[in-house]
Amino acid sequence: MAQEARREELMGKLDDYKKTRASHQWRKDKWLRWKKSQKLLGKSRNINYKAWEYWEPDTESEDEGEPIVPRDNPEFMAMEMDMKERHKKAADKAKTAEKCRQRGNECMKSGDFVGAIEHYDEGLEYKRDNKALWTNKALAELKIFRWHDAVASCNKVIEYTEIFEDGFKKSADPCFKAFTRRAAALRALHRWEEAAEDLEDALRLFPKDREARDLLEKTKAALAESKTVEDLEKAAAAPALEEVEEVVREGPVRIEIEEESSEEEEGPEGGAAAEGATSKHAGSALRSLSQKDYKALLKGLGKDESERVKFCARRGGKNDSIKKEDSRKLDMRQIEEVMDPSKLDELIKDAERAGLLWKKRQGQVVPLRSDVKYLSSTTDKDEDDEAASFLGTVVPRVLGVLHVLSSSSDHHCALTAPAVRHVWPLITNSDWRHAVLELLFEWSQRSISAKSMAEFAGRYPDPHLRRLVEIVASDSKENMLPPGFEERAKQASERLGGDGGGMDGLDSVFDDMLAGLSKSSAAELAVSALGNICLAGQGLPVFKEQLATFRDELVLALSKQLKPMNWRLCGRAAGAVCNLLRLGDTFAAAVEEKCTKPLVIALRDEVSEGDESSATPMMKAMREMGAGMNMPGMPSSADGSA
């Protein structure tokens, strides 16, 4: 027999032996288990270890079937009762935790995020491994800006699945929510690198999620910008470092330290000096700027990207070892390290104070009890004067800087989004209204800030949504004309009514008029902002519910702007109508009833000149203002010419 054939024969016998041995071992194990069950039943205590070789199982299947349990053994019955009782308690706890989750979800829908967190915490007392409770709690914590708490809640889900499920695929949905919500909290803490890693993990679970992909791109851009800030800081610190090295090379330096008594520091002059030295940091940075410095700041932010980067960047609190080895759990001790606030953070604090002071001046405070009488004092008058001075100086500057940043890039606009809740209430002031509307329009064009606006409007619809709808619905000159246009028109009329300056003067007048028309009116900004907010809020039930209260008024106002001669508002109104259709059947029915016919007429007459009935309030106002304008070479209305 050849060597290869002999080898094949031996290998075949070896395989047969392995199969026989495995079957032998399986039958032995089954025999021992059967004998143990017989022992529990109170039969013979002696086990014949040779008899198993002759014992044949009832079936070749490896299924054990129903276990043989003793019927009259009191110890086993007590153990069985204890197991059933434990199982019942666990099931009851799971039901209670589910009820807490549902109550928390109801609070989330109504906007009571603090109440939702309380219900989720209560549910977690009954069932700590309920991943839905942790992720929902993290979402509620994001809504009220508890970034560190949200990171900790998401950590629980990620750590549990890593340990007990050996990866994230088995619980893909809760893990995806945990990664994306932790990334949102990390973005708010300016932890760009960790946020990008979380979003990448989330996309491994659901690669086609558009929102996560978009957020990852924005986070990578923010990470690249943070590295740019580090490079700029190193470049700025290089000359100072060279000076230090040069001093060290020259040799030792004698330094004299003068000591001052503590009594002098605490004196009236010393205290005032210290207060003046720290007032720039303790108070409003914008308020302390002169008008010249503020204009220089605004110009620098508008033209130089590096200035915007440094203005928005936080410093410090960086650590390269935030994650534990071989784990996606983040170390909370290092996450809680506080970064130095950026200049943008100080600006948002100014916006917050301005919003609070304005609400207080408007009477939007918690009312006193009916049986308590408030007594005014001179201190209150001083506080009111201080508040009025602060608002008059700081608010226009805050709005100007925020507008420059929000219009520069998606990243800087997202960084200014926390100011939405502070700026929007200022729309009730007529002096700031147009600047606020311009800022709301810029915010509404970017995905992250637009979603923040929709969430805020859903939680506080009055007066924020109501005021936007009122601006859209009103036909007043203040809403339909660009700011300052009426004054420009009067000045142009006076210039043309005088000498006129010939054709050069006429060209100058028309340039001024076109410059005035280049700005958007309050109605244009409000229509566009509302349309964009509707697009961002289509997935928010609370926003849709609150906007539904203004549905008829809003749809009717938009339908009035759908006129072929309305070249400034018709397109914006049509876009807003299209976005309203995304909010559900109730909005679609209202749009179909009131907007379909005007929209068809506007499209049909788009290329025609239109008639008097198509004239918009803005066109009528311009005709009224231009009625007395006598342009050179053209007949005046006083002559009765057509």
So which atom in [X] and which in [Y] form the shortest heavy-atom distance, rounded to 0.1 Å?
X      : Y      : result
Leu142 : Ala184 : CD1-CB, 4.1 Å
Arg308 : Gly302 : NH1-O, 3.4 Å
Val542 : Gly458 : CG1-O, 3.2 Å
Leu525 : Glu438 : CD1-CG, 3.6 Å
Gly355 : Leu426 : CA-CD2, 4.4 Å
Leu540 : Ala454 : CD1-CB, 3.7 Å

Tell me if a side-chain donor or acceptor on [X] pairs with a main-chain N or O of [Y] at a distance below 3.5 Å.
X      : Y      : result
Asp345 : Ser342 : yes
Ser171 : Pro174 : no
Arg582 : Cys534 : no
Glu442 : Leu439 : no
Arg421 : Pro418 : yes
Gln538 : Leu535 : yes

Report yes or no: do [X] and [Y] form a side-chain donor-acceptor pair below 3.5 Å?
X      : Y      : value
Ser406 : Arg446 : no
Ser110 : Asp112 : no
Glu225 : His412 : yes
Asn532 : Asn579 : no
Thr428 : Arg433 : no
Arg397 : Gln291 : yes
Ser528 : Arg572 : yes

Does some side-chain heavy atom of [Y] sit less than 4.5 Å from a side-chain heavy atom of [X]?
X      : Y      : result
Glu524 : Leu437 : no
Trp134 : Asn155 : no
Ser447 : Asp214 : yes
Leu405 : Cys312 : yes
Glu200 : Leu216 : yes
Trp358 : Val395 : no
Asp149 : Ile117 : no

So with a 6.0 Å cut-off around [atom1] of [X], is the heavy-atom count from everything else above 12?
X      : atom1 : result
Arg213 : CZ    : no
Lys218 : NZ    : yes
Glu211 : CD    : no
Lys220 : NZ    : no
Lys156 : NZ    : no

Leu139 vs Met108, test: side chain to side chain contact (heavy atoms under 4.5 Å, CB included). Steps then yes/no.
CA-CA 9 Å; Leu139 179 60; Met108 288 285 288; 3.7 Å; yes
Using a strict 4.0 Å threshold on nitrogen-to-oxygen distance, state whether [X] and [Y] make a salt bridge.
X      : Y      : answer
Lys177 : Asp173 : yes
Glu386 : Arg287 : yes
Glu346 : Lys349 : no
Glu305 : Lys310 : no
Lys127 : Asp129 : yes
Lys137 : Asp121 : yes
Arg459 : Glu455 : no

Would you list the pairs meeting ring-ring contact (aromatic ring centres under 6.0 Å, His included) in which at least one residue belongs to residues 153-185, sequence neighbours left out?
Tyr160-Phe164, Phe168-Phe179, Phe176-Phe206
Axial cation check for Tyr120 ring with Arg103, 6.0 Å and 45° limits:
no
Do Arg353's NZ or CZ and the ring of Phe390 fall within the cation-pi criteria of under 6.0 Å and 45°?
yes
For ring-ring contact (aromatic ring centres under 6.0 Å, His included), just list the numbers for His411 and Trp192, CA-CA rounded to whole Å, side-chain angles, deciding distance to a tenth of an Å, and then say yes or no.
CA-CA 12 Å; His411 173 53; Trp192 308 115; 5.2 Å; yes
Under the side chain to side chain contact (heavy atoms under 4.5 Å, CB included) test against Leu215, which residue among Leu199, Asp209, Thr180 passes?
Leu199
Classify the ring geometry between Phe456 and Tyr460 as parallel (under 30°), tilted (30 to 60°) or perpendicular (over 60°).
tilted
Assess whether ring-ring contact (aromatic ring centres under 6.0 Å, His included) is satisfied between Phe441 and Trp443, documenting all intermediate values.
CA-CA 5 Å; Phe441 171 64; Trp443 275 332; over 10 Å; no
Verdict with reasoning, Leu223 to Thr219, per side chain to side chain contact (heavy atoms under 4.5 Å, CB included):
CA-CA 6 Å; Leu223 177 60; Thr219 305; 5.7 Å; no
